[in-house]
Structures are given as C-alpha cells and as structure tokens.
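Note on naming: letters A, B, ... go to the chains in the order of the sequence lines (proteins, then strands), and numbering restarts at 1 for each one. Every heavy atom of this structure was used, including side-chain atoms; hydrogens, water molecules and symmetry mates were not.
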Amino acid sequence: MTDFSEGPAVPRIATEPRPLRPLEPRRQLRWSDLILPLGIAAAIRLTLVLAFLGAGTAGDEAAYLFLGKGWARFGEYTGMWAPGFPWLISQIQGLFGDYTINALRFLQVGMSLWVGVHVALIAAMFGGRRAGIAGAWLFALYLPLASFTAMIYSETLFLSFFVPAAYHLIRFAREGRLAAPWWRVPVAGALLGLSALTRESTVLFVIPAMGWIAFALRGHPTEKRTGRLSLRLWAHGSGPLALGPAAIFGLSFFTTILPWTARNAVIFDRFVPVAITAGGNAYLGWNAGDFNFDLAGLGAETPGDLRAKIRGKAPEGWRPRKVDNPADAMRNNIEDGLQFAAANPMFFVRSRIVEFVDLVSPVSFIVRQFRVVDGFGEPLDAPVMRRLFALISILSVPLLALLALWGWATIRDAGPLRSFATMTVLCTSGVALLSGLTRFRVPMIPMLIVLAAVCLSGARERPTVARSTIASCVAVALCLAWIPSLGPTLLSLSAIW
Amino acid sequence: MSIGPPEPPSADGAAEVVQEPTLESVKRRERWLIFSLGAIVATLALVGWLSIPSEATLLEQASGSESTKARIEAMNALVHRGYWAKRPPVELRVYVSQQPEEVRQFMHQMHYRLMSR
C-alpha cells in the first residue's frame with residue numbers, strides 16, 4: 001500500500017479486487033440494455049418535435065433565433081447572453097437556411113440521447129446494470145426535460161456539456177486519483193467551460209466544484225474505490241485535500257472560456273467572463289416587483305394568493321440607473337439589488353422563499369408553452385393529448401423529487417455521487433436566490449434521475465440518523481413549498497383545459 | 001459490448017495484475033499539467049488584455065477599413081461600449097449612412113433600437 005506520508009514512492013502492484021461499483025458483483029451495463037429505453041426516449045422526443053414543427057415561438061425563443069441568424073448573416077454576435085446556443089443556431093443557419101428551427105429541433109433529439117447515455121452511465125457506476133437501465137427509462141419518461149428538445153432554448157445544449165462533465169468528475173472520484181486516467185479532470189473542466197458558454201450561471205458552479213474535487217479525492221488512494229464506513233456520508237478518505245486535480249479542473253475551465261472573455265474585453269472594454277445576463281435577473285429578482293415568466297399571464301399574483309401573502313407588502317423598488325455601457329449597467333443592477341436587499345431584509349427573505357417555491361414548482365416550461373404557443377401539430381393538437389401530457393408533466397416533478405430524496409438518503413456506497421448531487425442541488429438552488437424560474441432547475445434534474453434510478457435498482461441501505469434527518473427536513477420543506485404553487489399549477493392546468 | 005467501469009476481477013483474480021502509477025508520478029504529472037494550463041491561461045489573459053483597442057482605434061477601423069467584416073466588428077464594439085449612446089442620434093445616422101450597404105443593414109437589423117432613437 002502506498003501512503004501519503006511515505007517518502008519516495010515504490011511502484012505498487014494491486015492484486016486485490018478493485019470494486020469500482022458497489023461491493024457485490026453486478027452485471028455490467030451493455031449498449032444493448034439502452035436500446036429500448038433510449039429508443040423510447042427518441043420516440044417521445046421526435047413526437048414532440050413533430051408536434052412543434054408548425055408551432056410559433058414564444059418568449060426567449062425568438063430572441064435566440066434573432067441573435068443566431070444575425071450572427072450567421074453578419075459574422076458578429078450582438079447579444080448580451082451566453083454565446084453557445086446562438087452560435088449553434090448560426091452554424092445551423094449556414095447549413096439549413098430556412099429550415100434552421102426544425103433542423104435544430106432534430107439535432108436536439110440527438111443531444112438529448114447523448115445526455116441520456118451519460119445519465120445511465122452515472123447510475124450504472126453506483127447501482128450496476130439495473131440502475132443504468134432504470135436511469136435510462138426515467139430519463140426517457142421525464143417529460144419536463146424531454147420537452148426542451150422541441151423548444152428553442154439552450155437547456156438541451158447546456159446539458160449535453162454539463163452531464164458528461166459530471167460523469168467524468170464522478171468517475172474520477174470513484175476510481176481514485178491513481179487509477180483514473182489523467183485526462184478526465186481536464187476534459188471535465190473543458191466541458192464545464194462549454195456549458196458556462198451556453199449558460200452563464202454555470203460560472204457560479206466552478207469554485208464549489210473545485211472544492212468538491214479537492215475534498216472527494218482526498219485520503220488514501222485505495223480508499224477511494226470502496227469508501228470508508230465512517231466517512232460514507234460524504235467522502236472517501238481523511239488525508240490532505242487533493243488540490244492538484246482541483247487546480248487542473250479550474251484552469252481547464254478558464255482556458256475554455258478565456259477566448260470569449262478576451263472577445264468581451266474588446267466589445268465592452270470591461271472584464272466580462274461570459275455574458276451580462278445577471279444584471280437583468282438582479283433587476284427582476286432583487287427588487288420589489290416579482291415577474292415569473294413561468295406564471296406570466298396567469299393572473300396568479302392577485303391579492304389573496306398564497307404566494308403574494310408570503311411575499312407580503314413590497315417596499316418601494318428601484319429602477320436601473322442610466323448608463324451607456326451594458327456591462328456597467330449589469331454591475332450597477334447587482335449593486336442596487338444588494339442595497340435593496342440590505343435595506344429590506346425581511347422582505348428579501350420572504351421574497352426568497354417565494355423564489356424557492358417557484359423553483360421547485362410542479363409546473364414547468366412545457367406546461368407554460370402549452371398556454372402561450374399556438375399551432376401544435378399531431379398528436380398535441382388534440383386537447384385530450386395536451387391535457388394528458390401536461391398532467392403527467394406536473395405529476396412527474398414531485399414524484400422525481402421525492403424519489404431522488406429517498407435515494408439520496410438510502411443509496412449504498414454512494415460517496416462521490418451523494419456529495420456531487422448535493423453540491424449541484426445547492427448551487428442550482430443558489431441561482432434561485434436571484435430568480436426562481438423552473439427553467440433554472442434543469443442542471444439538477446439529471447442528478448435527481450440518477451439518485452432515483454440507483455434507489456429503484458435496490459442498492460439501498462438503512463440511512464444514518466443524520467441523513468434521515470436531513471432528508472426528512474427537505475421532504476417537509478418541499479411539501480410546504482408545493483402548497484403555494486397549487487394555485488398557479490391549477491390555473492396553468494385550467495388554462496390548458 | 002459493455003460500457004462503464006470494468007468489472008472486478010474474477011475470484012481466481014491471481015491472473016489480474018494491475019500496474020498503477022505511484023502517487024509521486026501522479027503528482028509530478030499534475031504539476032506539469034498545472035504549469036502548462038497556467039501558462040496558457042496567463043498567455044490568453046495577457047494577449048486579451050493587450051489587444052483591447054481604444055475607441056479611437058475602433059472609429060478608425062469602422063470608417064477606414066477595407067474589410068466590411070472589420071467595420072461591422074468595430075461598429076458592434078462601439079455600440080456595446082456606449083459610444084453612440086452618448087452622442088446625438090443624428091450623428092449616428094449620418095455616420096451609418098456613409099457606411100457600405102452591409103454595415104448599414106447590420107446596424108438597422110441588429111441594433112434597431114439604437115438606430116430608431
């Protein structure tokens with residue numbers, strides 16, 4: 001055995017079994033296992049794409065198309081958002097011209113399957129073949145996520161970078177610093193960089209992810225593969241922090257985004273790592289008003305509504321200062337939003353509770369889309385199909401959340417998975433402190449599916465007291481948070497009905 | 001064909017002998033990677049910082065460059081820096097009217113809010 005405290009290391013010959021997955025042997029996940037669930041996933045997504053072919057665009061969809069087509073036409077990006085998705089649209093515009101929207105939707109089906117494969121791989125890493133298959137099925141049938149393949153939003157592209165990054169990080173932690181191939185961490189960093197170029201808020205994920213790597217890879221290398229009983233809640237060892245892999249991850253991330261940061265320096269004459277969307281969110285989120293795009297047009301903000309009661313009486317809000325450079329406007333908005341929070345602490349806490357309520361709401365973007373978009377084709381043109389689709393979408397959100405929570409508490413030998421999923425959920429919920437759209441919860445959904453899949457596969461154990469307590473508290477918080485969402489959810493449904 | 005991590009060796013695992021790198025060699029490789037990536041990051045940051053053009057340079061590029069693409073790039077940067085927002089709308093309109101057709105289209109289509117002040 002090699003010890004961290006030893007001097008010059010001696011080459012180590014490992015002759016003992018190296019269980020990379022739970023201790024009892026399980027059958028390996030095979031490509032053929034994924035054919036049926038991912039075939040169903042493809043069929044559901046293609047059906048959605050066909051239904052959306054003639055539908056109009058709504059909300060940010062038109063803006064994404066405008067920016068992408070402008071980029072293709074003039075060779076210059078004029079938007080304030082992260083460039084990844086408009087860049088993809090510009091490339092497709094060059095290839096498919098008038099058929100850009102439909103080509104993009106079909107391409108998103110392929111991206112979605114790529115995400116599904118990685119979800120199954122992560123689940124199989126911890127629960128074996130059964131968990132991998134369960135993960136693929138849950139991914140296939142979770143309609144709120146499937147729906148993004150038919151919409152012109154950046155979520156599917158974002159996940160096609162983010163989930164593989166998560167896979168490489170978790171597998172690196174699972175295999176251990178010595179056994180894992182060296183390229184996993186830089187590849188994960190580059191993939192996270194690409195996801196940040198698609199969705200700006202990912203930048204907030206880098207420092208916690210570096211901390212997670214340093215923590216998850218600490219300790220004796222052999223402990224990483226089996227997990228120590230006393231440390232199963234979070235980690236796998238007790239040695240010094242693994243600062244090297246954490247630094248490599250961070251540097252790979254910054255290497256990926258820096259060319260765009262340099263471009264932004266030319267355009268804005270300011271330091272802008274990826275984009276300047278945070279200013280708009282600060283104006284909408286850290287202010288007296290409360291505009292939730294999920295609920296827009298529902299009239300759910302009427303007096304007497306439970307959400308409104310929790311928010312209480314809003315103090316006087318602030319208006320953006322007039323400046324000429326949008327990068328300065330973003331900084332001003334964040335400053336003003338923080339000042340507003342400091343001046344009205346109780347209102348800020350209450351409004352954050354509402355943001356959390358909105359983040360975990362059973363409604364989702366597809367339910368909203370049914371209300372605001374016209375011109376669906378078959379099979380969604382039939383009202384009964386649309387109602388059924390919306391109903392299943394709404395019910396699947398609480399179901400997955402509770403199943404994943406059960407998995408989080410009970411999965412056996414899940415050190416890196418549990419800690420990574422916790423970090424992802426906390427970071428994603430942190431974004432809700434700014435603005436609580438249901439679209440912002442997308443990064444955590446694959447992790448919830450993995451937790452639920454491993455739990456369903458039977459790789460469970462009796463949870464520790466600490467885990468049981470945490471899971472029970474979160475379950476209660478979720479159930480309480482769904483109560484104020486009941487009104488908007490029913491209004492959404494009745495609008496579709 | 002299976003996917004995912006390899007299966008643990010069989011019960012008679014004596015045949016399975018895995019040579020793993022030592023911690024020292026792994027740390028050496030990590031240091032080399034950190035140094036290489038750090039050098040790339042530092043170079044990109046330095047080059048990016050040094051290549052930030054001034055407003056005067058951008059104006060010169062927007063009106064004097066033979067390449068339409070370079071003019072569009074310069075105009076886009078001037079718009080985002082707030083150069084035209086600080087000036088009377090008529091000055092922008094006159095300036096744009098003297099540009100080639102593609103630059104005019106770019107301004108009217110992509111920065112229509114600024115042009116329609």
Side-chain angles (χ1 to χ4, degrees), chain A residues 2 4 6 8-21 25 28-32 34 66 70 73-78 117 121 124-125 132 171 174-175 177-179 182 186 221 244-245 247-248 251-252 254-255 258-259 261-263 265-269 323-328, chain B residues 1-11 13-14 16-27 29-31 33-34 36-38 40-41 43-45 47-49 51-55 58 68-69 72-73 75-86 102-103 105-106 109-111:
Chain A
T2 311
F4 280 119
E6 281 178 4
V10 179
R12 193 168 72 84
I13 308 293
T15 52
E16 295 171 3
R18 298 187 307 162
L20 295 173
R21 285 189 267 126
Q28 282 254 50
L29 182 68
R30 295 175 183 279
W31 286 111
S32 54
L34 299 181
F66 171 76
R73 165 83 176 79
F74 300 106
E76 190 66 11
Y77 182 55
T78 55
V117 167
L121 283 174
M125 219 187 298
R171 183 151 176 195
R174 187 74 171 161
E175 291 176 340
R177 197 171 174 185
L178 297 192
W182 65 272
I248 292 168
L251 286 167
S252 314
F254 287 113
T255 306
L258 257 176
T261 311
R263 175 267 182 197
V266 172
I267 293 291
F268 296 107
D269 197 19
V323 287
D324 298 323
N325 189 319
D328 292 339
Chain B
M1 196 179 121
S2 65
I3 46 179
E7 194 73 4
S10 53
E16 296 271 350
V17 177
V18 182
Q19 177 85 48
E20 281 187 353
T22 63
L23 184 64
E24 264 317 302
S25 69
V26 167
K27 283 191 168 178
R29 191 171 61 205
E30 285 175 1
R31 277 195 294 271
L33 257 175
I34 290 169
S36 310
L37 288 168
I40 294 171
V41 167
T43 309
L44 281 172
V47 169
W49 185 59
S51 60
I52 299 174
S54 64
E55 279 184 356
L58 287 171
T68 312
K69 190 174 182 325
I72 288 175
E73 271 175 23
M75 283 302 279
N76 195 36
L78 285 168
V79 170
H80 282 303
R81 287 179 180 206
Y83 176 83
W84 293 114
K86 284 182 278 199
E102 194 167 356
V103 181
Q105 280 184 11
F106 170 73
Q109 283 182 31
M110 304 310 292
H111 293 294

Taking side chain as everything from C-beta outward and backbone as N, CA, C, O, which of these in [X] sits under 4.5 Å from a heavy atom of chain A? Side chain, backbone, both or neither.
X: V41(B); answer: both
X: Q105(B); answer: both
X: K86(B); answer: both
X: I40(B); answer: side chain

Under the ring-ring contact (aromatic ring centres under 6.0 Å, His included) test, residues paired with F74(A) that sit two or more places apart: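 Once residues adjacent in sequence are excluded, the partners of F74(A) under the ring-ring contact (aromatic ring centres under 6.0 Å, His included) criterion are F106(B).
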For Y77(A), give me all partners under ring-ring contact (aromatic ring centres under 6.0 Å, His included), at least two apart in sequence or on another chain.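 Y77(A) satisfies ring-ring contact (aromatic ring centres under 6.0 Å, His included) with W71(A), W260(A) once adjacent residues are dropped.
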Taking every non-hydrogen pair under 4.5 Å, which of G132(A), P186(A), P245(A) racks up the most with chain B? P245(A)
Shorter than 4.5 Å, heavy atoms on both sides: which option in D269(A), D328(A), T255(A), L258(A) has the most such pairs with chain B?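 Top option by heavy-atom pairs under 4.5 Å: D269(A).
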NZ (K69(B)) and CD (E76(A)) are apart, to the nearest 0.5 Å, by 6.0 Å
Would you confirm whether H80(B), through its side chain, and T78(A), through its main-chain N or O, come within 3.5 Å as a donor-acceptor pair? yes
Restricting to non-hydrogen atoms, name the atom on A262(A) and the atom on G48(B) that form the minimum distance, rounded to 0.1 Å.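 Of all heavy-atom pairs spanning A262(A) and G48(B), the closest is CB-CA, 3.8 Å.
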So which atom in A85(B) and which in D324(A) form the shortest heavy-atom distance, rounded to 0.1 Å?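 For A85(B) and D324(A), the tightest heavy-atom pair comes out as CB-OD1, 3.6 Å.
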Sidechain N-carboxylate O distance under 4.0 Å for R263(A), E73(B):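 Looking at R263(A) and E73(B), the cut-off is not met.
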Winner by heavy-atom pair count (cut-off under 4.5 Å) against chain A, out of V26(B), L44(B), V103(B), I34(B): I34(B)
Sort out for me which of R81(B), E30(B), H111(B), R29(B) touches chain A most, counting heavy-atom pairs under 4.5 Å. R81(B)
